[in-house]
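Reckoned from all heavy atoms, side chains included, excluding hydrogens, waters and symmetry mates. Labels below follow one simple rule: chain letters A, B, ... track the order of the sequence lines, proteins then strands, and each chain is numbered from 1.
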Amino acid sequence: MSEVRVRFAPSPTGFFHIGSARTALFNWLYAKHTGGKFILRIEDTDKERNTEEALQVLLEGMRWLGLDWDEGPEAGGDYGPYFQSERQSIYDDYLKILKDKGRTYEKDGALWFRLEGERYTEYDEFHKAEVEKVKNAAVVIEDAIRGRVERAEERDFVIVRSNGEPVFHFVNVVDDIAMGITHVIRGEDHLSNTSKHVELFKALGAEVPVFAHIPLILKQSGPGKMSKRDEGALIEEYEQRSFIADAVRNYICLLGWSPKDDQEKMSIETIIERFDFAGVNKGNARFDETKLSALNAEYIRELAMDVFAEKASSILKAKGINLGSIEESYLLKVLELCQGKIKSMDTLFDYVHYFFQDGYDFDAKGMQRIQKGVDPKVLLGEIMSIFENEAEYSSETLESSIQAIAEANERKIFAYFPVIRMATSGLTGGPDLLPMLSVMGRERVLPRLQSFLEKL
RNA sequence: CUCCCGUUCGUCUAGCCCGGCCUAGGACACCAGGUUUUCAUCCUGGCGACAGGGGUUCGAAUCCCCUACGGGAGGCCA
């Protein structure tokens with residue numbers, strides 16, 4: 001049995017769409033699963049749209065998701081070049097085969113592929129014109145995902161435009177032949193065109209690869225498949241919003257594929273091991289960012305501290321926190337306090353900023369709530385001495401000291417908590433209060449309590 | 001207009017190929033309760049689906065047919 005060779009053949013548009021990403025991912029998974037080769041081929045025949053930046057967006061997105069390619073741009077390989085724009089002579093060679101077999105003809109300056117079969121003309125409602133059709137035998141596609149699909153191609157089609165550029169259907173097939181592609185894994189939107197492709201494979205005397213058409217990803221709401229304009233459609237968005245790449249990749253795997261045993265959060269090694277066409281669904285899947293976020297939160301919680309710290313640092317730095325002036329051990333303690341609590345990395349700054357800077361606002365609703373109960377001045381007054389005098393300043397000593405004062409004043413210990421939290425963070429929620437105060441240290445907490453007391 | 005593909009909780013899905021183990025399982029979301037100083041986590045429970053109709057069968061989510069709906073393609077776009 002020969003080696004599996006699969007390819008991802010994107011056209012660089014300047015965006016890395018989530019649907020494309022999943023096609024790439026499924027190809028990559030199949031290659032990894034079978035020990036085959038994953039080839040990246042750039043379909044850059046549209047010269048105006050294809051810029052260097054557009055290519056970089058694509059490569060960057062691939063790398064972010066961890067999809068490395070065995071052959072392609074920057075990787076090289078024996079079947080290059082891997083840019084369609086550089087493969088013209090190969091297309092010419094294959095075109096000659098079709099010409100020699102009499103399977104082409106010129107019309108309106110373009111080169112057409114000739115189907116075999118009886119010809120007739122009829123008015124076509126779609127084209128709004130009389131068109132020539134062919135009574136052509138149906139092509140049988142044994143699709144690895146959808147099973148047997150039969151479809152007859154009924155019209156000749158252009159393979160080289162009048163301006164000399166070969167069209168997608170032709171170059172795609174030629175490249176797959178020339179690159180020895182064994183399995184074509186792509187979106188279902190290509191299923192109808194597959195009959196064209198099979199006709200070309202046959203006319204070129206090439207072996208037809210195994211096709212595997214994966215379902216499409218539908219937009220979150222409303223009709224139709226996801227397009228680049230839709231919310232959440234772009235991979236680079238998730239990178240910018242500091243999503244965990246493993247989580248995004250894991251979620252995309254689950255759109256249209258299932259390991260069949262209720263497992264969802266899986267390591268990439270597990271997914272590679274278990275991925276196969278039998279687990280790919282036939283029905284289209286609707287994208288759901290809520291579920292992605294939930295999975296992402298789970299990944300955040302399980303991140304190793306050094307990895308979390310690195311991500312967190314770059315986010316805080318970008319938000320203007322001068323980490324250079326902050327003790328690393330302090331930063332680490334703060335991050336430990338919040339890793340299990342935040343639901344997404346882009347809420348990190350709001351969750352911890354007051355640990356690093358004094359100029360924070362006081363939540364208006366929280367302030368109202370505090371004023372409603374026992375006078376916050378009284379509450380703070382009762383416990384100020386703890387922060388002024390406590391020799392050993394720790395979570396435990398604070399707790400017992402506050403507890404003692406609470407009992408003396410016939411209150412519950414948590415009567416004091418909202419006020420302290422508001423004074424030291426300006427917020428109504430956050431990390432566990434006592435550990436938080438402990439990490440902040442007396443040198444930060446005491447002045448904040450004092451100034452809050454004056455402010456009241 | 002034609003052709004192709006699909007249709008299980010709101011969403012992602014398990015079950016379907018090889019009919020009975022399905023009073024249809026899990027996850028996210030939502031709701032209620034518990035844990036918690038708060039928030040988050042965590043725990044418990046709830047809500048909630050076989051698109052419809054015909055067959056076949058002792059028995060159908062599973063097999064067959066029809067209809068409806070959804071998606072895709074039909075380009076000198078990819």
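A:N193 comes within 4.0 angstrom of a base, heavy atoms only. Among the protein residues, A:Y416 comes within range of no part of the nucleic acid, since none of its heavy atoms lies under 4.0 Å from any strand. Backbone-only engagement by A:N281 is indicated by non-hydrogen atom pairs under 4.0 Å involving sugar-phosphate atoms exclusively. A:S162 comes within 4.0 angstrom of a base, heavy atoms only. Base engagement by A:R421 is indicated by at least one non-hydrogen atom pair under 4.0 Å involving a base atom. Within the 4.0 angstrom heavy-atom criterion, no nucleotide atom of any strand lies near A:G147. At the heavy-atom level, A:G430 lies under 4.0 Å from base atoms of the strands shown. Note on A:L255: only backbone sugar-phosphate atoms sit closer than 4.0 angstrom, heavy atoms only; bases stay farther off. A:H127 comes within 4.0 angstrom of the backbone, heavy atoms only, and of no base. Contact annotation for A:F414: backbone-only contact, meaning every heavy-atom pair under 4.0 Å involves sugar-phosphate atoms and none involves a base. Residue-level contact check: A:D108 touches the bases, meaning some heavy atom is under 4.0 Å from a base atom. Using a 4.0 Å heavy-atom criterion, one finds that A:A110 contacts the bases of the nucleic acid, with or without backbone contacts as well. Note on A:G256: only backbone sugar-phosphate atoms sit closer than 4.0 angstrom, heavy atoms only; bases stay farther off. The residue A:Q220 sits apart from the nucleic acid: no heavy atom pair falls under 4.0 Å.
Atom CZ in A:F15 sits about 18 Å away from atom P in B:A78, given to the nearest Å. At whole-Å resolution of the value, CG in A:D261 and C1' in B:G15 are 13 Å apart. Rounded to an integer number of Å, the gap from A:I370 CD1 to B:U37 P is 18 Å. Atom CG of A:L427 and atom C1' of B:U37 are 15 Å apart (whole Å). The CD1-C1' distance, from A:I214 to B:C12, rounds to 16 Å in whole Å. For the pair A:H197 NE2 and B:G74 P, the interatomic distance rounds to 10 Å; values are reported in whole Å. Distance CD1 (A:I300) to P (B:U41): 12 Å, rounded to an integer number of Å. A:I342 places its CD1 atom 10 Å from the C1' atom of B:A40, with the value rounded to the nearest Å.
For B:A60 and B:G20, the P atoms lie 11 Å apart once the distance is rounded to whole Å. For the P atoms, the distance from B:C63 to B:A14 is 15 Å, rounded to whole Å. Between B:A40 and B:G34, the two C1' atoms lie 16 Å apart (nearest whole Å).
For B:C42, the paired nucleotide is B:G34, the pair qualifying as Watson-Crick or G-U wobble because both relevant distances are below 3.5 Å. The pairing partner recorded for B:U11 is B:A27, the criterion being a Watson-Crick or G-U wobble arrangement whose two distances lie under 3.5 angstrom. Within the shown strands, B:G74 is the pairing partner of B:C1 under the Watson-Crick or G-U definition, both distances less than 3.5 Å. Across every strand in view, B:A49 sits unpaired, with no contact that passes the Watson-Crick or G-U test at under 3.5 angstrom. Of all nucleotides present, only B:G6 satisfies the Watson-Crick or G-U wobble test against B:C69, with each distance under 3.5 Å.
Considering only the side chain of A:R301, B:C42 comes nearest among B:C42, B:G71, B:U11. Here the nucleotide nearest the side chain of A:S258, chosen from B:A14, B:U38, B:C4, is B:A14. Relative to the side chain of A:E188, the nucleotides B:G71, B:C12, B:U37 differ in distance, and B:G71 lies closest. Proximity note for A:R161 (side chain, C-beta onward) versus B:C77, B:G6, B:U38: the nearest is B:C77. Looking at the side chain of A:K343, the nearest of the listed nucleotides B:U41, B:C76, B:U37 is B:U41. When distances run from any side-chain atom of A:R151 to the nucleotides B:C39, B:G26, B:C4, the shortest one goes to B:C4. Minimum atom distance to the side chain of A:L218 is reached by B:G71, of the listed B:A27, B:G71, B:C76. Listed candidates were B:C28, B:C5, B:A73. Nearest to the side chain of A:K225 is B:A73.
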Test side chain to side chain contact (heavy atoms under 4.5 Å, CB included) on A:V158 and A:F113 and set out the steps. CA-CA 6 Å; A:V158 171; A:F113 177 74; over 6 Å; no
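We find that A:K265 and A:D246 are not joined by a salt bridge, their nearest charged nitrogen and carboxylate oxygen being 4.0 Å or further apart. For the pair A:D175 and A:R7, the salt-bridge criterion is not met [side-chain N within less than 4.0 Å of a carboxylate O].
Of the possible donor and acceptor atoms, none in the side chain of A:T104 sits under 3.5 Å from a partner among the backbone N and O of A:W112. In this structure, A:E116 contributes its side chain and A:N136 its backbone to no donor-acceptor pair below 3.5 Å.
Checking A:H213, A:E199, A:R151 one by one against A:T194, the side-chain contact (heavy atoms from CB on, under 4.5 Å) holds for a single residue, A:H213.
Taking the ring centre of A:F26 as origin, the terminal cationic atom of A:R22 falls inside the region bounded by 6.0 Å and 45° from the ring axis. A cation-pi geometry, defined here as NZ or CZ lying under 6.0 Å from the six-membered ring centre and within 45° of its normal, holds between A:K196 and A:F157.
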